[in-house]
Amino acid sequence: QLEFITPFQLYFNPDLIFRKFQIWRLITNFLFFGPLGFSFFFNMIFLYRYCRMLEEGSFRGRTADFVFMFLFGGFLMTLFGLFASLFFLGQAFTIMLVYVWSRRNPYIRMNFFGLLNFQAPFLPWVLMGFSLLLGNSIIIDLLGIAVGHIYYFLEDVFPNQPGGKKLLLTPGFLKMVFDTPEEDPNYNPLPEDRAEHQPRDQDQNEQQHPQ
């Protein structure tokens, strides 16, 4: 926005990535939402709102799983970007988060600018229709919905089907980096680790057995 760099240095270009080794484009194409304007602030608000609600809701205490969802969604969108002329995937990523949240909260009633009332699962489609009214291409929105549905199906639907199993397993190194280690219920601390409790125990013993 401050024009220190240009969008031409950020957009997704497989040729520049694999031949010129401009690897940063794999990430930066998710970070540009266009020039300042209604569409930019619209994406920022929805990205912040639904990313936060997912993190504080169904992903509470599961930071590694949350990061893995980011990586999984980004990977699928990048694969699609190899075969389509898509330059920036940030909006698709936002729609993916909205889709996952909406499917995990199906009974919440939504109100869109005071005009429409609907259940949460319809929110991604309402956003796509709104994007269409603004004259934007809906390919990006459809990509976000498709990737969000793939993640939701593999994570929430398929494991609960007869004969189904959990296919999306968060790598151990992500859990090691992002999740706090669980305390061992059988762990018995050393005496010096319990030193802070000794004076209280000693006072109780003196009260029970006064000299």
Side-chain angles (χ1 to χ4, degrees), residues 12 27 29-34 37-81 84 86 88-162 164-170 174 178-179:
F12 184 78
I27 299 176
N29 78 91
F30 288 97
L31 306 179
F32 182 74
F33 290 87
F38 183 80
S39 180
F40 175 85
F41 289 108
F42 191 77
N43 276 286
M44 288 294 98
I45 291 172
F46 274 78
L47 179 63
Y48 169 77
R49 175 178 172 82
Y50 292 98
C51 185
R52 177 180 177 178
M53 288 197 294
L54 277 175
E55 186 176 11
E56 295 179 349
S58 58
F59 285 100
R60 178 180 291 274
R62 300 168 51 216
T63 304
D65 295 336
F66 192 52
V67 173
F68 182 63
M69 180 186 68
F70 277 37
L71 297 176
F72 177 78
F75 176 74
L76 288 185
M77 292 177 194
T78 301
L79 281 182
F80 186 84
L86 300 178
F88 296 103
L89 299 172
Q91 183 174 336
F93 191 84
T94 300
I95 295 295
M96 180 195 75
L97 296 178
V98 171
Y99 185 90
V100 173
W101 176 87
S102 67
R103 294 306 297 266
R104 288 183 171 178
N105 299 272
Y107 302 110
I108 293 182
R109 295 284 298 175
M110 309 293 296
N111 183 282
F112 192 71
F113 291 124
L115 301 175
L116 293 175
N117 292 300
F118 50 88
Q119 300 289 111
F122 292 100
L123 178 60
W125 304 100
V126 172
L127 294 181
M128 186 182 71
F130 185 68
S131 181
L132 186 62
L133 289 176
L134 292 178
N136 300 326
S137 172
I138 62 172
I139 298 298
I140 291 291
D141 298 73
L142 288 174
L143 175 60
I145 290 173
V147 172
H149 182 73
I150 291 172
Y151 176 84
Y152 171 74
F153 178 81
L154 294 178
E155 180 70 13
D156 295 7
V157 178
F158 184 70
N160 298 319
Q161 299 295 317
K165 63 178 181 179
K166 188 174 176 63
L167 298 178
L168 297 180
L169 300 176
T170 303
L174 288 179
F178 292 103
D179 288 349

Check the pair Ile145, Trp125 against side chain to side chain contact (heavy atoms under 4.5 Å, CB included), reporting the backbone distance first and the verdict last.
CA-CA 8 Å; Ile145 290 173; Trp125 304 100; 3.8 Å; yes
Are any non-hydrogen side-chain atoms of [X] and [Y] less than 4.5 angstrom apart?
X      : Y      : result
Phe68  : Leu168 : yes
Tyr99  : Leu127 : no
Ser102 : Met110 : no
Phe88  : Ile140 : no
Val147 : Phe80  : no
Met69  : Glu155 : no
Thr94  : Phe33  : yes
Leu97  : Met53  : no

Can you tell whether the side chains of Arg104 and Asp156 come within less than 4.0 Å, N to carboxylate O?
yes
Using a 6.0 Å cut-off, check whether atom [atom1] of [X] has over 12 heavy atoms from anything other than its own residue.
X      : atom1 : value
Lys165 : NZ    : no
Tyr107 : OH    : no
Phe122 : CZ    : no
Arg60  : CZ    : no
Tyr48  : OH    : no

Can Phe66 and Phe178 be said to form a ring-ring contact (aromatic ring centres under 6.0 Å, His included), step by step?
CA-CA 10 Å; Phe66 192 52; Phe178 292 103; 10.0 Å; no
Does the separation of the ring centres of Phe93 and Phe70 fall below 6.0 angstrom?
yes
